[in-house]
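Sharing a structure, written as structure tokens. Questions coming.
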Amino acid sequence: MPRRSLLTRGLNPEQVEAVRRTKGPVLVLAGAGSGKTRVITTRIAYLIEQGLAKPGEILALTFTNKAAAEMRERVAKIIGADLARDIVLSTFHSFCVRVLRAEIEHVGYRRNFTITAESDTRTLLRRTLEDLDGAGETFDAGTFLERIGQLKSAGIDPAGAADTPALPKGAAKSPEADKKKAATAEKYEKWLPEIYERYQSALRAANAVDFDDLLLLTLRLWREHPRVLGRYQKRFRYVMVDEYQDTNRVQYELLLALTGKHRNLCVVGDDDQSIYSWRGADIANIISFERDFPEAHVVKLEQNYRSSETILDAANHVIACNTVRRPKNLWSQLGKGRRVDWFITGDEEQEAAEAAKLLRYIRGQTGAAYRNFAVLYRANQQSRPYEIAFRQANIPYVVVGGQEFFERAEVKDLIAYLKIIANPRDEAAFLRIINVPRRGIGDVTLHRAHDICRTQSMGLGKALVSLLKGGDLPRNTQAGIRQFLGIVNTFRQKYRDCEGRLASVTVELVDHVRYRADLFRSSKSAAQFEARWGNVEALISAVAQYEEQNERPTLSGFLDDSALVTNEDRRDKEERRSEAVTLMTIHSAKGLEFPYVFIAGVEEGLLPHEKSTGKEAIEEERRLFYVALTRAKRHAVLFESMSRERYGKRRMTKTSRFVAEIPEALIRRRIRAARDMVADSTGESAPKPRKRKPTRKRR
DNA sequence: AGACCCAGGTTTTTT
DNA sequence: ACCTGGGTCT
């Protein structure tokens, strides 16, 4: 009999049910804006309050650092920061890093393993492929990487890759292209298991793991070492998962293993918001939860606390067109509100200009702040015209996305230094900086070293030493190698002895390799140099920050953080609260809300995207549109251009099929194009621009 | 090592 | 249109 709890005050009956149903598997189907985060945080607090679990016995998994941080903050508000600190609340990946840092030796890696960034993974694979070029083949690394990623998120190893068919790709345009593609695809499929295998051994030899490995190795660890698994099972008596619709096969298996004993697994998600299948998310995990957990309780949260009835109604009608989903009916009590507006303009410049105009108008009418607006789009390239128009109209904006801090060349260089210091075997890191700054160690030397690695199976470092011994290297190359090895050894020692004072050693390292001078030399302008050096300084302060925030800072710890953290996480609160319109992809808008949402480019080819063909893919695109609509609290506005420039060519467009799925009574069509452009498309509810040359030429 | 040119390809990207 | 990677030339 649970003690009386005040925690559930203000929750609706379904939310209360979700909070109090603590035993056994629970699936909370949480529609958009239904107070999902509130339920999870309250549930955590409830478990602790009722004495069902100590904070350290609760594991709550999210997909983003941001979500994890937000959740911890909200739990802390309820139960206090001290208790909240001990809850294991993190992303799947960080959780696995934690496990692996302690246990990875069981599965044949060393404790000081490094995490290979996605971009480095490419380089690594390319090098792997080079060895195969002897077979007279040239391959594109990206293609393999994508397939290997898919296999890995499905939990398939190289051996299993041979009998796994490729996912069907979109149809090619012509029969010849079709045939050619098929031939290429066949070739790739033939080589896939071999290449996957080699890629995996290269990582292994480098004592490095990629993102997928974090999950995969944890699963393997648990499967092969039941006693280790037993410890985790015993410790985590309650497991909760946010955004469950985004879990992939491996994550699902991890959950299954971890909760195998007590089965206290509570997953929260919304199949209608599953938009990451291309990253391996398996919608089957949520669709058929009860098949895997027959004793599961299902709680549906259908009251929406975010959007007006009109917006919700429109969104409901759209999503109802999907066939693969769990039926639900979201409702709202927030009043009818405004109709969805649908603006049709001539081209993308007009579209953005119109958006700017409307934004100003709404601001004038309502006094809404800039941060109450978001422009959402399918593809990043769509931000351009909006940026230009907003700049012209003096509207402050921030573009979410773009190049990640840790992907900048100078940052990667220094990270590579740190990696090679932390993990001497990290070959990718090695190759990246062995000749940065220039030390006269060129391709020839590296290839020779690489050959030694392969024939005598030793690490690059050792291979270089043996090359030195051979004595037939150019003198400056010899000096370069000695110098490089010296730096690495010296700093390995320094980092070991620094007692957590990582930042100051890092400053010393940057000084020692004369990185600043090298940046200056290779920069094309003073401004570029300043920007790059600024990044270096930012990295150093990131080290300093890490050092401050951790009780036992280690180099590996910092590297883990930097591998798992995104730009968005680094952005501080100040910045996030900033008074500006947000421009971002629909994908990155998931979980957010804005009073005014502008959806750009509701056109065939863009939303749904032309690359998404087939029923399943179209349904995912529809979910994307649904996610976009349900971000809006008060007013959703669609923008469509009658012509759009793509890949350098201006083409006429067609209205997105999804627009017609919104009942006419809920939407208002507004033409904002030159009259001669729309002469043949007025009157009907769905305008179909004929094949005509746009009147307005691009400038 | 760096400059230069051509070919290919363009989605989304929690970690 | 634009960027990237790869190859070749200087």
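So you know, we letter chains A, B, ... as the sequences are listed, proteins then strands, and number each from 1.
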Worksheet item: Out of dT14(B), dT11(B), dA1(C), which nucleotide sits closest to the side chain of Lys611(A)?
Response: dT11(B)
Worksheet item: When we call it a touch if two heavy atoms are under 4.0 Å apart, what does Arg646(A) touch: a base, just sugar-phosphate, or nothing?
Response: nothing
Worksheet item: With a 4.0 Å cut-off on heavy atoms, is Asp561(A) in touch with a base, just the backbone sugar-phosphate, or nothing at all?
Response: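 Result for Asp561(A) = nothing.
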Worksheet, complete the sentence: Between Phe211(A) and Arg521(A), the residue closer to the 5' end of DNA chain B by nearest nucleotide is Arg521(A)
Worksheet item: Are Phe289(A) and Tyr244(A) an aromatic pair by the rule of ring centers under 6.0 Å?
Response: yes
Practice prompt. Would you tell me if any nitrogen or oxygen in the side chain of Arg644(A) comes within less than 4.0 Å of OP1 or OP2 on dA1(C)?
Written response: no
Fill in: Rounded distance (Å) that lies between atom P of dT11(B) and atom OH of Tyr276(A)
16 Å
Worksheet entry | Ionic contact status for Asp246(A) with Arg279(A), cut-off 4.0 Å | no
Discussion item. Centroid distance below 5.5 Å plus an interplanar angle below 30 degrees: do His587(A) and dT12(B) meet both conditions?
Written reply: no
Practice prompt. Ignoring backbone atoms, test whether Ser588(A) places a side-chain nitrogen or oxygen under 4.0 Å from the OP1 or OP2 oxygen of dT12(B).
Written response: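 No, Ser588(A) has no side-chain N/O under 4.0 Å of OP1/OP2 on dT12(B).
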Discussion item. Distance check needed: dT13(B) P versus Ile275(A) CD1, whole Å only.
Written reply: 9 Å
Worksheet entry | Separation of dT12(B) P from Arg622(A) CZ (nearest whole Å) | 21 Å
Worksheet item: Does the ring centre of Phe63(A) sit less than 6.0 Å away from the ring centre of Phe92(A)?
Response: yes
Discussion item. Is there a side-chain contact between Arg651(A) and the phosphate of dA1(C), meaning an N or O under 4.0 Å from OP1 or OP2?
Written reply: no
Practice prompt. Report yes if a side-chain nitrogen or oxygen of Ser612(A) is closer than 4.0 Å to either non-bridging phosphate oxygen (OP1 or OP2) of dT12(B); otherwise report no.
Written response: no
Worksheet item: dT10(B) phosphate, OP1 or OP2: any side-chain N/O from Asn380(A) under 4.0 angstrom?
Response: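 The answer is no; no side-chain N or O of Asn380(A) sits under 4.0 Å from OP1 or OP2.
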Practice prompt. May I ask you to check whether Tyr276(A) and His587(A) place their ring centers less than 6.0 Å from one another?
Written response: yes
Worksheet item: To the nearest angstrom, how far is Arg438(A) atom CZ from dG2(B) atom C1'?
Response: 9 Å
Discussion item. Using heavy-atom distances to pick each residue's nearest nucleotide on DNA chain B, tell me which of Arg378(A) and Ser94(A) is more 5'.
Written reply: Arg378(A)
Item to complete: Using whole Å, report how far CG of Asn248(A) lies from P of dT13(B).
Response: 18 Å
Item to complete: Specify the separation, in whole Å, of atom OH of Tyr647(A) and atom C1' of dA7(B).
Response: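 Taking atom C1' of dA7(B) as the reference, OH of Tyr647(A) is at 17 Å.
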Practice prompt. Write down the distance between CD (Glu146(A)) and P (dG9(B)), rounded to a whole number of angstrom.
Written response: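 It is 13 Å, rounded to the nearest whole Å.
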Worksheet item: Can Trp278(A) be said to stack with the base of dT11(B), given centres closer than 5.5 angstrom and planes under 30 degrees apart?
Response: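 No, Trp278(A) does not stack on the base of dT11(B).
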Discussion item. Could you tell me how far apart Glu604(A) (CD) and dT11(B) (P) are, to the nearest whole angstrom?
Written reply: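 The answer, rounded to whole Å, is 18 Å.
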Practice prompt. In sequence, state the C-alpha distance, the side-chain angles, and the governing distance for Arg432(A) and Asp413(A), and then conclude on salt bridge (charged side-chain N to carboxylate O under 4.0 Å, His left out).
Written response: CA-CA 7 Å; Arg432(A) 183 173 183 100; Asp413(A) 283 348; 2.9 Å; yes
